[in-house]
There are 2 protein chains.
Amino acid sequence: MTEIDKIDRKILSILQGDGRIANVELAERIGLSPTSVGERLKRLQRDGFVEGYGARLNPHRLGLGLLVFVEVMLDKTTPDVFERFAKAIQTSPEVLECHMVAGGFDYLVKARVADMTAYRRFLGETLLALPGVRETRTYAVMEEVKRDAPLPVG
Amino acid sequence: MTEIDKIDRKILSILQGDGRIANVELAERIGLSPTSVGERLKRLQRDGFVEGYGARLNPHRLGLGLLVFVEVMLDKTTPDVFERFAKAIQTSPEVLECHMVAGGFDYLVKARVADMTAYRRFLGETLLALPGVRETRTYAVMEEVKRDAPLPVG
DNA sequence: ACTTTCTCCTGATTTTCTAAGGCAAAACTG
DNA sequence: CAGTTTTGCCTTAGAAAATCAGGAGAAAGT
């Protein structure tokens, strides 16, 4: 039920690289009939291995030229800070990821904006406007060495 | 040639959320014929707005239960450190992202591993084994508040 | 006012998806 | 160990979708 074999992994691997591949071609590459591969894929989706499909967009082409990481420290004396922070983050379109971490700070935020001007506005109007935000440290990305690599399934 | 209109943005937005949507259904949602939408999409791909498609896999289901961020400081006295580091990162399957940042450290690495044991092995055998790595700081993620949100295209 | 280009449409052909039915090997069960 | 069930795969056929060719109408440029 929750175990997957080598063929399943190959399906996931191919699909992670090309989510729009035709089932016929996928079956050819796997070495099974389209029907079998379709059934396996259906199972992989049902069991939660595949959560969905998406187009990979080029952020620079869309005017989002600046990638930043922000370390956020919260003021733990205020109640509900964590809930309120998490909720505000969800509705913020610039924020692509947000993780609560163990270590020197509380949250690590990954955001994409047009440029430094846009970032200053984002920092002031969104992040610092939240109650309970005590301190932030911003790291601007100069070069994306590796971007959104596929998960190792093999 | 490089400008996109409201319809294009809508296509990108829908496709980012569901990369496997049938062109027929996409056209219905847009309010155009399948052919027109297909032509627009082809152009968006040709002009680099769409870089590809991929299945979104559940890392936990694949045994990758631990997400970590690592700040890496390099020893700049050695020549080629940056090139060698970048190259090694590319071939490391645990590393999902790696960015050169401006600020207190040199690289920010995002990696997924099975557990702390696996992370210790990764840290020792991959990261620290690289020549020129002076210091690392690891932040283990306790909770993923927001994961891989779509880019704001609208 | 004329041409060119752009965007979209319709209709026909080809490809792909999906569902039904069957076969053989493996796993259960008494 | 024999009988049954389940599982995984296959082929086939009908439905759906993608793709291509051709053309109409509006906008832009000359």
Side-chain angles (χ1 to χ4, degrees), chain A residues 1-64 148 150-154, chain B residues 1-64 148 150-154:
Chain A
M1 203 254 203
T2 185
E3 298 138 30
I4 57 175
D5 62 15
K6 216 162 187 175
I7 296 177
D8 290 327
R9 288 182 187 278
K10 200 166 180 182
I11 291 175
L12 292 177
S13 177
I14 293 175
L15 235 36
Q16 199 176 12
D18 180 5
R20 268 210 147 178
I21 188 175
N23 192 42
V24 174
E25 196 191 327
L26 179 59
E28 270 172 25
R29 285 222 247 163
I30 297 291
L32 288 178
S33 76
T35 312
S36 291
V37 175
E39 282 168 3
R40 278 175 177 267
L41 180 51
K42 208 167 191 174
R43 174 172 50 79
L44 289 169
Q45 290 175 163
R46 178 173 45 76
D47 293 351
F49 291 94
V50 178
E51 295 183 334
Y53 302 87
R56 282 190 292 266
L57 306 186
N58 185 326
H60 295 91
R61 219 78 177 75
L62 292 165
L64 299 169
D148 272 313
L151 295 178
V153 294
Chain B
M1 202 254 205
T2 183
E3 299 137 28
I4 58 174
D5 62 15
K6 215 162 187 174
I7 297 178
D8 290 327
R9 288 182 188 279
K10 199 166 180 181
I11 292 175
L12 293 177
S13 176
I14 293 175
L15 234 36
Q16 198 176 13
D18 180 5
R20 268 210 148 177
I21 188 174
N23 193 41
V24 174
E25 195 191 330
L26 179 59
E28 272 172 24
R29 285 222 247 162
I30 298 290
L32 288 178
S33 76
T35 312
S36 290
V37 175
E39 282 168 3
R40 278 175 178 269
L41 181 52
K42 209 167 190 174
R43 174 173 49 79
L44 289 169
Q45 289 175 165
R46 177 172 46 76
D47 292 352
F49 292 94
V50 178
E51 294 184 335
Y53 302 86
R56 283 189 291 266
L57 306 187
N58 185 325
H60 295 91
R61 218 77 177 75
L62 291 165
L64 299 169
D148 272 314
L151 294 178
V153 294

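Residue numbering restarts at 1 for every chain, and letters A, B, ... go by the order of the sequence lines.
- Heavy-atom minimum distance, B:A55 versus A:V50: CB-CG1, 4.3 Å.
- Expressed to the nearest 0.5 Å, how far CG of B:L41 lies from CG of B:L44 amounts to 6.0 Å.
- Residue A:S36 has no polar side-chain atom (N or O) positioned under 4.0 Å from OP1 or OP2 of D:dG8.
- A:L57 and B:E51 make their closest contact through O-OE1, 4.3 Å (heavy atoms, listed as atom of the first residue, atom of the second, distance).
- Direction change of the helix axis from one end of the helix from C:dA1-D:dT30 to C:dG30-D:dC1 to the other is 40°, with five pairs defining each end axis (rounded to 10°).
- Counting to the nearest Å, the P atom of C:dT7 and the CG atom of B:D5 are 8 Å from each other.
- The CG-P distance, from A:L44 to D:dG8, rounds to 12 Å in whole Å.
- The minimum heavy-atom distance linking B:Q16 with B:R56 is given by the pair O-NH1, 3.5 Å.
- As a whole-Å value, the separation of B:L41 CG from D:dA18 P is 11 Å.
- Residue B:R40 places at least one side-chain N or O closer than 4.0 Å to OP1 or OP2 of C:dC8.
- Taken from CG in B:L12 to CG in B:L151, the straight-line distance is 10.0 Å, to the nearest 0.5 Å.
- As rounded to whole Å, 12 Å separates atom P of D:dT19 from atom CG of B:L26.
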Taking N or O atoms only and anything under 3.5 Å, show me the protein contacts with nucleotides 16-22 of chain C, one pair per line.
residue, atom, partner, partner atom, Å
C:dC17, OP1, A:N23, N, 2.7
C:dC17, OP2, A:N23, N, 3.1
C:dC17, OP2, A:V24, N, 3.0

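- To the nearest 0.5 angstrom, A:R29 atom CZ is 4.5 Å from A:I14 atom CD1.
- Of the possible polar contacts, one joining the B:R9 side chain to the B:V153 backbone as a donor-acceptor pair under 3.5 Å is found.
- Rounded to an integer number of Å, the gap from A:E3 CD to C:dA27 P is 13 Å.
- Across all non-hydrogen atoms, the minimal contact from B:D47 to A:R61 is O-NE, 2.7 Å.
- Between the CD1 atom of A:I30 and the C1' atom of D:dC9 there is a distance of 14 Å, given to the nearest Å.
- No donor-acceptor pair under 3.5 Å is formed between the side chain of A:R20 and the backbone N or O of B:G52.
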